[in-house]
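Throughout, protein chains are lettered first and strands after them, A, B, ... in sequence-line order, and every chain is numbered starting at 1. Atom set for the values below is all heavy atoms of this structure, side chains included, hydrogens, waters and symmetry mates excluded.
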Amino acid sequence: MNFIATIQEEVANALLIHFECDVDSDSVLINTTKQEFEGDYTVVLFPFLKRAKASPDKLGQILGTHLEENTNMVSCFNIVKGFLNVSLSNSFWLDKLAVISTVENYGSLPQRSDKVLVEYSSPNTNKPLHLGHIRTILLGWSMAQILEKAGYQVTKTLIVNDRGIAICKSMLSWLKFGDNKTPASTGTKGDFLVGEYYVKFDQELAKEYTAWQNSDEGASTYEKLKKADDTIESFFKGFKNKYFNEHSALGSEVKAMLIKWEQGDEEVKTLWKTMNQWVYDGHDVTYEKLGIHFDKAYYESETYLTGKEIVLEGLKDETFYKADDGSIWVDLEDVGLDKKILLRSDGTSVYLTQDLGTADIRYEELGTEKMIYVVGDEQDYHFKVLFEIMKKLKRPYSKGLYHLSYGMIDLPTGKMKSREGTVVDADDLIEEVIQEAREGAKERGDVTQLPSEEQTAIFNNIGLAALKFFILKVNPKKRMIFNPADSVDMQGQTGPYIQNAFVRIQSIFRKSEEALPAAAFEDYQMVEVEKDLIKTLVNYPVVIEQAALQYDPSIIASYSYTLAKQYHKMYHDVRILTAETELAKTFRLHLSKTVGSILKSSLNLLGINVPDRM
RNA sequence: GGCUCCGUAGCUCAACUGGAUAGAGUACCUGACUACGAAUCAGGAGGUUGCAGGUUCGAACCCUGCCGGAGUCACCA
């Protein structure tokens with residue numbers, strides 16, 4: 001099947017036979033030939049010139065002739081400036097299409113026994129999901145699909161940060177200012193309702209802090225602790241944490257609540273459960289709208305204790321050490337990192353503790369030796385540390401850990417900040433793109449006769465395709481800029497553009513009455529646009545492997561765009577149902593059908609569905 | 001300040017991991033619907049790849065130094 005490897009081997013063979021050069025066939029670089037030149041694939045000759053002691057033209061001539069004579073696929077070749085361009089024969093490509101069109105699940109890689117876990121989303125239980133979450137969710141979902149296609153057994157998970165001081169803030173705030181309002185009583189989505197009280201807490205705290213700054217105590221603290229270059233403003237900005245921990249009335253109330261929670265206080269736990277459930281219900285609605293789900297959820301509240309045990313064990317076998325105040329640390333200076341705290345002096349856990357526990361629990365339950373964390377790049381350091389600790393603890397899965405680090409999404413106005421109210425809520429954004437799709441479709445009028453539920457499904461489909469493709473087409477590592485005002489495009493390099501190619505294909509098959517004849521078209525002489533499509537189809541498994549290996553869905557995104565683009569061009573350039581000959585028609589119908597199924601398959605890897613009409 | 005990442009057309013992104021004249025989309029200008037769906041196709045214009053050196057047959061990519069931006073360096077998560 002892999003003819004590229006065959007070409008590489010033959011080139012290596014020829015070098016050995018004709019020039020006594022022994023080269024590894026893997027090191028023979030084969031590129032797809034650029035559009036401007038004639039040929040399908042290109043052998044780069046430069047690396048062999050010195051060793052073969054031959055000019056590029058002579059070397060190319062000999063290699064090309066060798067390929068012609070020793071493979072049954074090369075039809076001709078040419079040499080341009082050190083590049084050997086070879087063309088594969090018409091029948092070679094026709095064979096490829098015949099095979100691809102009959103293979104079930106084309107593109108799937110052989111099944112492996114490896115189990116992989118993908119973690120994404122990781123929400124807090126005190127606010128709604130926003131644009132940033134959308135990127136993890138889409139990346140995680142897509143990555144899971146890709147890995148499954150690449151043969152892995154995948155479990156999709158999320159970790160919910162359901163405990164800690166932040167959650168207590170919204171709880172306390174609701175108790176104080178909530179008037180017993182519930183999602184049901186107000187008709188507000190649960191995550192938004194809880195989010196309101198979380199924000200409210202910060203506002204009240206800010207008020208309290210301002211008042212304190214103007215009090216005698218505040219003034220004397222400033223005089224006592226200010227540094228030479230401090231202004232009043234800069235001082236109090238820097239002092240904020242300390243104020244919250246040592247002086248704030250609200251602060252001490254919240255901390256008291258956290259302690260009650262840890263002690264299992266009935267009243268606090270009940271409130272905690274109730275409010276968390278409001279948020280989960282809200283988040284579930286958002287996930288549902290996005291068309292994604294999880295196989296299993298983990299909760300920090302259920303894993304942090306295991307984390308503590310791991311830390312204590314590590315202390316026993318001296319992987320970790322205890323400081324004078326009783327806090328427990330790990331020293332990672334031998335691998336170029338810092339010392340990190342794992343357990344506070346009062347015995348409570350920190351962020352790292354929880355992740356240690358979660359990983360162990362997952363491994364025990366699922367046996368996944370590969371775990372992929374889809375988390376923003378602001379946590380690059382955290383994961384470096386986490387993975388090093390696991391190595392030190394000699395966990396069996398420590399070699400299979402990967403942080404799929406993605407860049408933050410910026411707005412044209414700069415960074416999103418929840419405190420400044422510049423976040424884009426996921427729900428709003430989803431509604432917006434669907435609305436956009438709705439208006440676009442209404443204008444075109446192709447679907448307006450359909451029943452309204454069907455229309456709604458189509459609009460959702462198109463809007464989400466636009467949004468998902470827009471985010472997934474960008475390399476995850478890169479920071480990206482998102483302009484919600486322009487919302488998302490539906491033309492050009494977009495999700496709907498690709499969907500449209502699929503819809504056109506469906507439309508053809510609705511119109512063609514006869515059943516598709518058998519794939520007998522050996523004598524058909526293809527035109528360029530048709531061959532280009534087959535070339536792209538042939539590449540599908542390679543692209544999947546690459547995307548899986550590099551943890552990068554954007555590779556799939558650009559692949560499906562290329563395929564759609566080539567199809568649109570062919571559709572425009574040649575007639576299908578009214579083709580010149582029966583042979584051409586048969587060939588094009590088979591080609592169309594295969595392109596359609598690969599478009600569907602590749603979009604599916606991005607979490608995008610294809611409609612039959614739009 | 002230390003460490004890490006980033007800088008490509010007006011804008012949003014590519015570039016097969018060191019290969020040919022750096023490609024797409026968008027916006028702008030032109031052309032193509034009585035032809036299988038125009039959410040389409042074709043053409044034009046748009047670049048000193050932040051700057052300066054270096055490495056080699058060849059550099060957006062590797063090395064060095066600047067300039068600009070982001071992240072991180074919490075007993076926050």
Could you state the atom-to-atom distance from CD1 of A/I555 to C1' of B/rU17 in whole Å? 10 Å

Below 4.0 angstrom from OP1 or OP2 of B/rC41, is there any side-chain N or O of A/Y497? yes

Please confirm whether the shortest side-chain N or O distance from A/K384 to OP1 or OP2 of B/rU4 is below 4.0 Å. no

As its Watson-Crick or G-U partner within any shown strand, both distances under 3.5 Å, B/rC57 has B/rG19

Below 4.0 Å: OP1/OP2 of B/rA42 and any side-chain N or O of A/K569: yes

Just N and O in the side chain of A/K81: are any of them under 4.0 Å from OP1 or OP2 of B/rU21? yes

Relative to A/Y373, does A/K384 satisfy both conditions: NZ or CZ under 6.0 angstrom from the six-membered ring centre, and within 45 degrees of the ring's axis? no

Length of the CG-P vector between A/D489 and B/rG25, whole Å: 13 Å

Given the C1' atoms of B/rU72 and B/rU56, what is the spacing between them in whole Å? 37 Å

Once you round it to whole Å, what is the distance between P of B/rG19 and CG of A/L84? 17 Å

For A/S55 and A/D57, does a side-chain donor sit closer than 3.5 Å to a side-chain acceptor? no

Taking only N and O in the side chain of A/R344, is any of them less than 4.0 Å away from OP1 or OP2 of B/rC76? yes

Less than 4.5 Å apart, any side-chain heavy atom of A/S122 and any of A/T136? no

Which comes earlier along RNA chain B counting from the 5' end, the contact point of A/I481 or that of A/Y561, where each point is its nearest nucleotide? A/I481

Should we say atom CD of A/E333 is surrounded by more than 12 heavy atoms from elsewhere, each under 6.0 Å from it? yes

I'd like to know whether A/K535 forms a salt bridge (Lys or Arg N to Asp or Glu O under 4.0 Å) with A/D40, so could you lay out the CA-CA distance, the side-chain angles of the two residues, the decisive distance to 0.1 Å, and finally the verdict. CA-CA 8 Å; A/K535 260 196 239 180; A/D40 297 322; 3.1 Å; yes

Any strand, both distances under 3.5 Å, Watson-Crick or G-U wobble: B/rC28 pairs with B/rG44

Using a cutoff of under 3.5 Å, can you pull out all pairs of nitrogen or oxygen atoms linking the protein to nucleotides 31-35 of chain B, with atom names and distances?
unit_1 : atom_1 : unit_2 : atom_2 : d
B/rA35 : O2'    : A/R575 : NH1    : 2.6
B/rA35 : O2'    : A/R575 : NH2    : 3.2

Answer yes or no: side-chain N or O of A/T42 and base N or O of B/rA20 forming a donor-acceptor pair under 3.5 Å. yes

Whole angstrom value for the distance that separates P of B/rC76 from CG of A/N124: 15 Å

B/rU34 -> Watson-Crick or G-U wobble partner, both distances under 3.5 Å, gives none

Measure the distance between the ring centre of A/F46 and the centre of the six-membered base ring of B/rG58, then answer whether it is under 5.5 Å with planes under 30°. no

Honestly, is A/R163 close enough over A/Y304, meaning NZ or CZ under 6.0 Å from the six-membered ring centre and within 45° of the axis? yes

How many Å lie between NZ on A/K565 and P on B/rA42, as a whole number? 6 Å

Looking for any heavy atom pair under 4.0 Å, which part of the strands does A/Q499 touch: base, sugar-phosphate only, or nothing? nothing

Could you check whether A/F83 and the base of B/rA20 form a stacked pair, meaning centres closer than 5.5 Å and planes differing by less than 30°? yes

Is there a side-chain contact between A/K340 and the phosphate of B/rC73, meaning an N or O under 4.0 Å from OP1 or OP2? no

Separation of atom CZ in A/R163 from atom C1' in B/rC76, rounded to whole Å: 12 Å

When A/T125 is tested against each of A/N276, A/N161, A/D162 for side chain to side chain donor-acceptor pair (under 3.5 Å), which residue passes? A/N276

Residue-phosphate contact under 4.0 Å: A/R479 side-chain N/O, B/rC6 OP1/OP2: no

From CZ of A/R510 over to P of B/rC36, roughly how many Å is that when rounded to an integer? 14 Å

Are A/R588 and B/rC36 close enough that a side-chain N or O sits under 4.0 Å from OP1 or OP2? no

So which one's nearest nucleotide on RNA chain B is more toward 5', A/N241 or A/N85? A/N85

Counting distance only, does the side-chain N/O of A/S560 pair as donor-acceptor with the main-chain N or O of A/I556 below 3.5 Å? yes

NE2 of A/H403 versus C1' of B/rU4: gap in Å, rounded? 13 Å

